[in-house]
Number of protein chains: 2
Amino acid sequence: MTSALPRPNLAIGAYRHLKRDIIRGVYAPGEKLRMSDLKTRYDLGVGPMREALSQLVSERLVTAVSQRGYRVAEMSIKELEDLYDARAQLEGLVLELAIARGGDDWEAQILAKAHALSKVVEVHSADDMLDIWDARHQAFHGAIAAGCDSPHLLQTRAWLFDQAERYRHLWLCQTVFSAEALDAKRHEHAALTDAILARDAATACTMMREHLMTPVPIIKEVLREQGLV
Amino acid sequence: MTSALPRPNLAIGAYRHLKRDIIRGVYAPGEKLRMSDLKTRYDLGVGPMREALSQLVSERLVTAVSQRGYRVAEMSIKELEDLYDARAQLEGLVLELAIARGGDDWEAQILAKAHALSKVVEVHSADDMLDIWDARHQAFHGAIAAGCDSPHLLQTRAWLFDQAERYRHLWLCQTVFSAEALDAKRHEHAALTDAILARDAATACTMMREHLMTPVPIIKEVLREQGLV
DNA sequence: CCTCTAAAAAATATCTATATTTTTATAAAA
DNA sequence: TTTTATAAAAATATAGATATTTTTTAGAGG
């Protein structure tokens, strides 16, 4: 049937796998990605691997120089600071629009996602805890942003999120396994939800911008400790 | 010398050329891009062509379905409206930050670019006129945006610009060859510059958002006339 | 006329071979 | 010791061959 989606080709799988590995820090910033190693690790040939790398170049997670190969993109304190500032500013804009444009359903969704997020207190295995908490955390923030009712703004937001994900991962590893940090987050999320439901745009946007900047000093510390910059 | 940049590979040239063709409307929205045709037109083999397409897929100018090939991304009135709304909102945010963060040099640059833009009145050949005016127009708006002092916000701005470029091209073709339209633009740009130099953020941002929306009805008309949607 | 089936043609995706470029190792000269 | 040159090894990029999938065409049956 021509209407059913065919099986994803090899490049798609390699793209997903390599992207995940980059975000999780399997490769160091600036590390050379040699085709002979990639072919083995991701179990495919040169053609599809180059396709996957081409996409990651477009997404700025990988840098390419003709005849010199591919490298994982660098990280820096300066980039971290600008990236998080940009994200905070954009999230403030998106929230302001959401408060202006979002309806009752939007509010209901926020409450539902906030509830699910606050329920993550049980101790699981390391990877499970990180994935579960973050999935719910993203769903919470995603529900808030969705009220802006602009696919392109959300796309733009996702782009910055993608750029930030390597940095975020460092922060996640510090946060998700600390009951104290999770508790602080829980309080921030609750206060944020209150301001949003009160439709207090000025307060909510200020809180949101500040909320988004809280990981920055933590990430800086980790970057230095791990000698990543 | 390893420090000199090597010659760009075939994929890079194909990417640039195909992207330009898509933006200029050489292909219809949704049109199938067959590899046999692409190989001939852009004079290269399957491998590099697939690499170029992979990048354009990441940039959303091309859609891909495994085993079914590649198509130029669709266009729609709905997308146009959301895209321009998103751009206007983001440009407002960027301008607000620029007014807060930009210095004297920033003001000087705006004046210089505004001047160069206003000087495009001479009649040139069709392609020259379009390219010259648009280069100066982009430089003018780019100079304004640069004051936000955030590479990532500017990257985000560029992303939306890229998405909009196909639509913009339709508007450009209507505007650049009309003395009346150019005159109206000249007045808008002058008023905008005045508000910015006066550091009147509220007025400037409102004007900017409105300024960015002015092409929308024109583009809608063109889309309908040309049966593109 | 429409629908279904099978075969042929066309298109897609990937591997392999190969030409080209870069990097590395080594030896010689300063 | 450092620098330069050269050869060998490794890496990069691409064309062409080929297996697989999809689309088109033709013919038969209702």
Side-chain angles (χ1 to χ4, degrees), chain A residues 1-19 21-22 26-74, chain B residues 1-19 21-22 26-74:
Chain A
M1 299 188 292
T2 61
S3 58
L5 288 182
R7 193 184 59 183
N9 63 42
L10 292 182
I12 292 171
Y15 161 78
R16 288 177 180 158
H17 201 165
L18 176 55
K19 184 174 180 176
D21 285 346
I22 289 173
V26 171
Y27 303 99
E31 181 172 342
K32 181 79 187 290
L33 297 169
R34 287 194 318 166
M35 188 56 74
S36 50
D37 297 333
L38 296 177
K39 280 162 66 177
T40 304
R41 180 179 174 91
Y42 302 109
D43 190 32
L44 78 173
V46 171
M49 192 69 241
R50 288 182 64 88
E51 284 172 43
L53 286 162
S54 294
Q55 288 198 288
L56 291 167
V57 166
S58 288
E59 295 182 11
R60 304 198 182 205
L61 291 176
V62 169
T63 58
V65 179
S66 296
Q67 297 297 337
R68 308 271 169 84
Y70 299 88
R71 288 181 186 274
V72 173
E74 297 276 7
Chain B
M1 301 189 289
T2 61
S3 58
L5 288 183
R7 192 183 59 185
N9 62 42
L10 292 182
I12 292 171
Y15 161 78
R16 288 178 179 155
H17 200 166
L18 175 56
K19 183 173 180 176
D21 283 346
I22 290 172
V26 171
Y27 302 98
E31 182 172 343
K32 180 76 186 292
L33 297 169
R34 289 193 317 164
M35 188 59 73
S36 49
D37 296 333
L38 295 176
K39 280 161 67 176
T40 304
R41 181 179 173 93
Y42 302 110
D43 191 29
L44 78 173
V46 171
M49 192 69 239
R50 287 182 65 88
E51 285 173 42
L53 286 163
S54 294
Q55 289 198 286
L56 291 166
V57 166
S58 289
E59 294 183 10
R60 310 208 173 191
L61 291 176
V62 169
T63 58
V65 180
S66 296
Q67 298 297 339
R68 309 272 169 80
Y70 299 88
R71 289 180 186 274
V72 173
E74 298 276 6

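Just so we're on the same page: letters track the sequence lines, and every chain starts at 1. Computed from a predicted structure; not experimentally measured.
The side chain to side chain contact (heavy atoms under 4.5 Å, CB included) test applied to B:Arg16 returns B:Ile12, not counting sequence neighbours. For B:Leu33, the side chain to side chain contact (heavy atoms under 4.5 Å, CB included) criterion is met by B:Tyr27, B:Leu38, B:Leu53, B:Val62, B:Tyr70, B:Val72, not counting sequence neighbours. Partners of A:Thr63 by side chain to side chain donor-acceptor pair (under 3.5 Å), not counting sequence neighbours: none found. For B:Arg41, the salt bridge (charged side-chain N to carboxylate O under 4.0 Å, His left out) partners are B:Asp21, not counting sequence neighbours. For the ring pair (Phe, Tyr, Trp, His ring centres under 6.0 Å) test, residues two or more places apart in sequence or in another chain that qualify with B:Tyr42 are B:His17.
Looking at residues 45-57 of chain B, you'll see B:Gly45, B:Pro48 sit with a heavy atom under 4.0 Å from some atom of DNA chain D. Near DNA chain C, defined here as any heavy-atom distance below 4.0 Å, the residues from residues 10-18 of chain A are A:Leu10, listed numerically.
B:Ser58 OG to A:Gln55 CD: the interatomic distance, rounded to the nearest 0.5 Å, is 4.0 Å. Within the model, atoms NZ of B:Lys32 and CG of B:Asp37 stand 9.5 Å from one another, a figure rounded to the nearest 0.5 Å.
If you measure from atom CD of B:Gln67 to atom C1' of D:dT20, you get 7 Å, rounded to the nearest angstrom. Rounded to whole Å, atom P of C:dT14 lies 8 Å from atom CG of A:Leu44. Here the P atom of nucleotide C:dA13 and the CG atom of B:Leu33 are 12 Å apart, to the nearest Å. For the pair B:Asn9 CG and C:dT22 P, the interatomic distance rounds to 12 Å; values are reported in whole Å.
Across all strands, A:Lys32 comes closer than 4.0 Å only to sugar-phosphate atoms, never to a base (heavy-atom distances).
Side-chain atoms of B:Met35 lie closest to C:dT12 of the nucleotides C:dT12, D:dT22, D:dA13.
Using a 4.5 Å cut-off on side-chain heavy atoms (C-beta onward), B:Arg50 and A:Arg50 make no contact.
Between A:Tyr70 and A:Arg7, the one whose closest nucleotide on DNA chain D sits nearer the 5' end is A:Tyr70. If you find the closest nucleotide of DNA chain C to A:Ser66 and to A:Asp43, the one lying nearer the 5' end belongs to A:Asp43.
Screening residues 47-69 of chain B for ring pair (Phe, Tyr, Trp, His ring centres under 6.0 Å), with sequence neighbours left out, gives no hits.
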